[in-house]
Amino acid sequence: MIRFEQVTKRYPDGTTAVDGLSFEVAEGELVTLVGPSGCGKTTTMMMVNRLVEPTSGRVLVGGEDVAGLDPVRLRRRIGYVIQQVGLFPHRTVLDNTATVPALLGWKRARARARAAELLDLVGLDPKTYGPRYPRQLSGGQRQRVGVARALAADPEVLLMDEPFGAVDPVVREQLQDEFLRMRAAVRKTVLLVTHDIEEAVRLGDRIAVYGRGRIEQLDTPGAVLGSPATSYVAEFVGADRGLKRLSVTAVERGDLEQPPVARLDEPAERAAGRLRAEGARWAVVLDAAGDLHGWVGLDALAAGGSVGDLAHRMNAWVPVGAPLKQAFGVMLQHDAGWVAVLDGARFCGVLTPAKLHEALRRSVDADALGVPRGQVGFDSVADA
Ligand SMILES: Nc1ncnc2c1ncn2[C@@H]1O[C@H](COP(=O)(O)OP(=O)(O)OP(=O)(O)O)[C@@H](O)[C@H]1O
Ligand SMILES: [Mg+2]
């Protein structure tokens, strides 16, 4: 969808910002460009919409060399979130969001309806925020408007330059979450620039780690964190890359343990017998619908009555597909030795610290084999 072929950019003063770059972003894929300041990320991005022209090489969008396309029309096909947001200060939030549809000559009512829809999508109530001016918004809200504006004309391609850069870490994580949810709904080809490795691995299907003007490694987040290609990459991703891998590896059904299960309305004596037969000290307790209620210990069951009288409620759970980091966080928060894993309200099994460790090792091996994330078995080999 976006393709760089041997692209070099030398600025008139002799600075080589990009040096012989070749890579591709597939249709519907999100590639993050990550690297230190001044390594050529923005330059790379601006060659896609012809705000910067390559010195040599070609950039293709949808198979067409952009050098042969009218720059204005090209830019209307491409959503662009610029570094520092860049909203128009004298236009309302609604009109800012409707910028590109207006340029495309949409009828005013249609452009505004579209803008309202997009504001809603990025979590801003159009009634409240639409009439405001950018200075009446918080930094995080401004960044949301920047994303909404880029999406307004339903572009084929989205270029995002540090889209969540200007906000504190908490808001940034919130915006990232929203963006991931939105992206699941609106599948776009995205090139996203960041200097933050955490953001890069969180958002990218693949990440391109930049050195000076060139890509040092382009691979899935798990592979870059698990097996950095060069010492530069290893240093850039940091000594805690093992920990970072927790956020890019999902909890899967194959990772789970299946402890004995007791029903709320079951006689305690019968449940206790089953636990003893399985050599278990506790059971997960489900309600009549099979949804998670909590747990019960073997010792407590000796008191008799029904399981429901003796069970503890358990709130330590994560959905199937959640990142291991979330599961680990919930485990720590509840000071629990396991977390339940649910599909909707339905109980699937429990994740224990040992299983979590196994899952973490699996992610590296799968990525090294080029298996897509989320579709792998869990036989693990030694960590790289
Ligand atoms: N118009 C220009 N003329 C000369 N040099 C430029 C120009 N624009 C950028 N550069 C240089 O090209 C290099 C790459 O710049 P670029 O803006 O692409 O970096 P970046 O990776 O986006 O950095 P940051 O993370 O700070 O935004 C830098 O050394 C920069 O000084
Ligand atoms: Mg930049």
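The first residue of the sequence shown is numbered 1, and numbering continues consecutively from there. For ligands, and for the atoms within them, numbers begin at 1 and follow the listed sequence.
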With rounding to the nearest 0.5 angstrom, report the CG to CE distance, Leu292 to Met314. 7.5 Å
Per-atom contacts of ligand 1 with Thr42, taking only distances under 4.0 Å to non-hydrogen atoms: 17 (O), 18 (O), 20 (P), 22 (O), 27 (O)
Does one hydrophobic cluster hold both Val7 and Met45, with members joined at side-chain heavy-atom distances below 4.5 Å? yes
Which of these, Thr15, Thr43, Thr44, has its nearest heavy atom closest to atom 18 (O) of ligand 1? Thr43
Any nitrogen or oxygen of Ala17, main chain or side chain, under 3.5 Å from a nitrogen or oxygen of ligand 1? no
Among Gly38, Pro12, Ser37, which residue places a heavy atom closest to atom 14 (C) of ligand 1? Gly38
Side-chain donor/acceptor of Thr249 to backbone N/O of Leu246, under 3.5 Å: no
Once rounded to the nearest 0.5 Å, what's the spacing between atom CD of Gln143 and atom CG of Leu137? 11.5 Å
Does Thr194 form a side-chain hydrogen bond (donor to acceptor under 3.5 Å, both in side chains) with Glu199? I'd like the steps, not just the answer. CA-CA 7 Å; Thr194 175; Glu199 180 164 282; 3.2 Å; yes
Got an N, O or S from Thr43 under 2.8 Å of the Mg ion (ligand 2)? no
Relative to ligand 1, is Lys41 under 4.0 angstrom through side chain, backbone, both or neither, heavy atoms considered? both
